[in-house]
> 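Handing you a structure now.
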Amino acid sequence: MKTLRTENIEQYNPEIFSDIDIHFARFMLKLSGRHDPELFLASALLSRNTGAGHVCLDLSTEAGKQIPENQGADPVVCPGLSKWIKILMASPVVGVPGDFKPLILDNSSRLYLHKYWEYEQKLIDELRKRAAVRQDFSMESLSRGLSRLFPDTENKTAAFTVVMKNFAVICGGPGTGKSTTVAKILALLIELAQKDITIKLATPTGKAADRLQAAIKKAKKKHLQDLCSDQVVEAIPDSVSTLHRLLGAVPGSVKQRYNEDNPLPADVVVVDEASMVALPLMTKLFLATRADAKIIILGDKDQLASVEAGAVLGDICCNESVQVFSADFCRVFKEVTEENLPVSRDTVPKLYDCISELKKNYRFGADSGIGRLSTAVNKGAGDSALELLKTEKYPDISWLQLPKPGKLGSCLESRILAWFGNLLKSPGVAEAFKRIELFRILCALRKGPFGVSALNRLSEKILADQKMINPASRWYHGRPIIVIRNDYNLKLFNGDTGIIWKEENSDPRAFFQGQSGTFRDFAPELLPEHETVYAMTVHKSQGSEFENILMILPEKESPVLTRELIYTGITRATKSAEIWMNNRVFRSAVKKQVVRASGLRNGLYNT
């Protein structure tokens, strides 16, 4: 095999190394003042990894691997692990934990950008410190509150973890009542405090904020009015912000108003849809929250992780840590509730006592195809999932053999005209917003014949052929749009969905629904970067729900086609889920799990 050379690596096309990867690798070489192909390769791989959502590069998994050839270039084979580490540690740009150098190599062969190593270490420290603290409480008051508000042991356990700790995770799939449970927990905390406490509710996106707000309002009205005093119910906030707004993000900067030196004015912080929160943002949240304040994290550990670096919720809620509690935790729980929890025979990390899982599903019953299908996918049972889709026993799930690209339009026509035609016939903008949530096309990819861009163009063509829209006009009546870049001045954020609407005898306006149910409208020309959204990626759909979804998978396998993506797509639906697919590709996707390189789990649990 020929000697590793940087020019060989640079010949590879963007599918292997992007321009950014190569530029970063060159920059590291320049800073080092040396010409080390091994450093160049490690830097390019690290850049590629962080771009794909990993926190670091695990050299032990890459050592000795051959990078696929392209354009006749010589094969590039990664060095052996010991040789690679020795060369990197001799470089001026590579340091060990605690050094202030561009790259950090830890003792587990993980190579980090310094900023990601620092974010990870700070979050580990914060989580472990919070997990070590046990809160004081009135056992009698807590016992009465738990008994009144939480007749179910599962929810009672979740509430107990929140009271006991200044950090708690409540995980569970869609329909397991996380929002209702946390509303009741907030009522309990208010009662136990016997004083005014400041509570902040936040989510990663505006759409998720709208959903959490609606859920909290519903819980206050439906579940708490007969259980708590009016004063307690009124003290539960139902205004929800995005995490960026909560922390006071500064436009054009990575800094925020609230931080270690200027903590949030909050006694309790609740974060929903935590699977979408990347490592940097989660770390900033913990650093900005006082040590004596509570952080309650809600989320589905099985959903797709953030599009940015890290899989924080998944790393915290590793399989061993969920529903496993220490002997001390179980002892106190029994003293307070007179109920037993399964006690771990071994000594477990204190963080285990911070994590609870809700499993009972209130949305998908035993006869729900969506519930059964999502469970099968989550278990990696591709054959069972296919059998469920093909049995026709469950009317809420269906499938279609993926059409050829040229036949896609004719297959889609009836659905597009029925669902989006109904949207265009809305009598007013308020009704249009209700109808836009009835149906959405979900895609795994952005590009290609089965990607978002192609499906949006095809949807417009079908509607235009029936004279329902005029796509020659950019601001045509009824065009659904999604914001893809934050605009802090207009208070429009990535993921916010709107509709172009033209009232009679007026110019078209872009309408967005506010959290209070009112609408804000803008001149379309003022909008931040946005796109049409008849179809959207599964990633973009996180934090949203639609009554009916059509998920169209590509004809070929792809790195993004994973179990988590299929599961997330299916669980966006509340009434019906249809999948167009190639059976082989579907099976392969369900088998494949997302594994993101990071040291968070190891750092938390010393594994």
Side-chain angles (χ1 to χ4, degrees), residues 179 201 203 205-222 237-242 245 415-442 456 459-460 463 466-471 473-484 487 490-528 530-536 540-541 543-550 572-576:
S179 301
L201 308 177
T203 64
T205 67
K207 190 66 179 178
D210 292 342
R211 283 188 54 215
L212 179 59
Q213 182 187 50
I216 295 292
K217 283 184 174 180
K218 180 179 178 182
K220 288 170 66 173
K221 185 175 181 179
K222 183 177 179 181
D238 49 30
S239 61
V240 185
S241 71
T242 65
R245 278 181 278 179
R415 291 164 178 80
I416 297 295
L417 294 177
W419 292 110
F420 296 130
N422 191 39
L423 164 67
L424 294 166
K425 295 174 183 174
S426 301
V429 71
E431 182 63 25
F433 269 90
K434 291 180 182 178
R435 295 183 184 184
I436 201 174
E437 302 301 316
L438 297 178
F439 178 70
R440 193 61 53 89
I441 301 171
L442 303 182
N456 276 321
S459 298
E460 286 186 324
L463 293 169
Q466 296 298 317
K467 311 297 183 187
M468 302 183 79
I469 64 170
N470 176 20
S473 169
R474 185 181 181 189
W475 313 119
Y476 64 80
H477 177 75
R479 179 190 170 204
I481 56 174
I482 184 169
V483 173
I484 57 176
D487 188 317
L490 296 181
K491 296 184 178 179
L492 291 174
F493 299 94
N494 187 7
D496 287 352
T497 54
I499 303 174
I500 303 298
W501 201 259
K502 187 178 183 303
E503 301 288 357
E504 191 174 353
N505 299 321
S506 65
D507 293 329
R509 303 284 290 178
F511 283 83
F512 291 84
Q513 191 166 17
Q515 291 186 353
S516 61
T518 58
F519 296 94
R520 297 189 298 146
D521 62 292
F522 307 88
E525 295 82 4
L526 297 179
L527 292 177
H530 61 280
E531 59 190 20
T532 305
V533 70
Y534 296 106
M536 67 196 307
K540 280 285 187 185
S541 75
S544 298
E545 285 182 355
F546 309 99
E547 287 195 4
N548 311 277
I549 65 102
L550 168 59
R572 296 313 88 203
T574 60
K575 286 191 175 180
S576 77

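Remember, it's a predicted structure, so these values are computed and weren't measured experimentally.
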> With rounding to the nearest 0.5 Å, note down the distance linking CH2 in W475 to NZ in K502.
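The CH2 atom of W475 sits 15.0 Å away from the NZ atom of K502.
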
> Are the side chains of L212 and S179 in contact, using a 4.5 Å heavy-atom criterion?
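Yes, at least one pair of side-chain atoms sits under 4.5 Å.
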
> Kindly say whether N470 contributes a backbone atom to a donor-acceptor pair with the side chain of S473 at under 3.5 angstrom?
no

> Looking at every heavy atom in both L423 and A432, which two are closest together, and how far apart are they?
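Smallest interatomic distance, heavy atoms only, reads CD1-O, 3.3 Å.
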
> Starting from the C-alpha separation in whole Å, work towards a yes-or-no answer on side-chain contact (heavy atoms from CB on, under 4.5 Å) for F519 and I499.
CA-CA 11 Å; F519 296 94; I499 303 174; over 6 Å; no

> Do the non-hydrogen side-chain atoms of F439 and L550 ever get within less than 4.5 Å of each other?
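The answer is yes, as the side chains (C-beta and beyond) meet within the 4.5 Å cut-off.
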
> Between Q213 and L201, is there a side-chain heavy-atom distance shorter than 4.5 Å?
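Heavy-atom side-chain distance check fails, nothing below 4.5 Å.
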
> Side chains of R572 and S544: do they bring a donor and an acceptor to under 3.5 Å?
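No.
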
> Which heavy atom in F420 sits nearest to a heavy atom in L463, and how many Å separate them?
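The answer is CB-CD1, 4.1 Å.
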
> Side chains of R474 and I500: closer than 4.5 Å at any heavy-atom pair?
no

> Looking at Y534 and I469, what are the two nearest heavy atoms and their distance?
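Reported closest heavy-atom pair: OH-CD1, 4.3 Å.
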
> Side-chain contact test, heavy atoms from C-beta onward, threshold under 4.5 Å: evaluate it for M536 versus E531 and give yes or no.
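Side-chain contact under 4.5 Å: no.
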
> Nearest 0.5 Å please: distance from the OG1 atom of T574 over to the CG atom of N548.
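Those atoms lie 7.0 Å apart.
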
> Looking only at heavy atoms, what is the nearest atom pair of T203 and A209, with distance?
OG1-N, 3.0 Å

> Would you mind reporting whether W419 and I441 have side-chain heavy atoms less than 4.5 Å apart?
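A side-chain contact under 4.5 Å is absent here.
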
> What's the spacing between Y476 OH and M468 CE if we round to 0.5 Å?
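Answer rounded to 0.5 Å: 11.5 Å.
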
> Contact between W501 and H477 at the side-chain level, heavy atoms closer than 4.5 Å - yes or no?
yes

> Minimum heavy-atom separation for P524 and P508, please, with both atom names.
CD-O, 3.3 Å

> How long is the gap from CG on L492 to CG on D487, to the nearest 0.5 Å?
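Rounded to the nearest 0.5 Å, the CG-CG separation comes to 6.0 Å.
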
> Which heavy-atom pair separates A510 from I481 by the least distance, and what is that distance?
CB-CD1, 4.4 Å

> Passes side-chain contact (heavy atoms from CB on, under 4.5 Å), I436 versus T497? Steps please.
CA-CA 10 Å; I436 201 174; T497 54; 5.6 Å; no

> Side chains of R520 and L490, heavy atoms from C-beta outward: is any pair under 4.5 Å?
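A side-chain contact under 4.5 Å is absent here.
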
> Consider side chain to side chain donor-acceptor pair (under 3.5 Å). Of K207, R211, R440, which one does E545 pass it with?
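Filter result, single survivor: R211.
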
> R509: what forms a salt bridge (charged side-chain N to carboxylate O under 4.0 Å, His left out) with it, not counting sequence neighbours?
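Only D521 meet the salt bridge (charged side-chain N to carboxylate O under 4.0 Å, His left out) criterion with R509.
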
> Is the distance between the ring centroids of F433 and F511 under 6.0 Å?
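Ring centres of F433 and F511 not closer than 6.0 Å.
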
> Evaluate the criterion side-chain contact (heavy atoms from CB on, under 4.5 Å) for residue pair N494 and K540; output intermediate values, then yes/no.
CA-CA 9 Å; N494 187 7; K540 280 285 187 185; 2.5 Å; yes

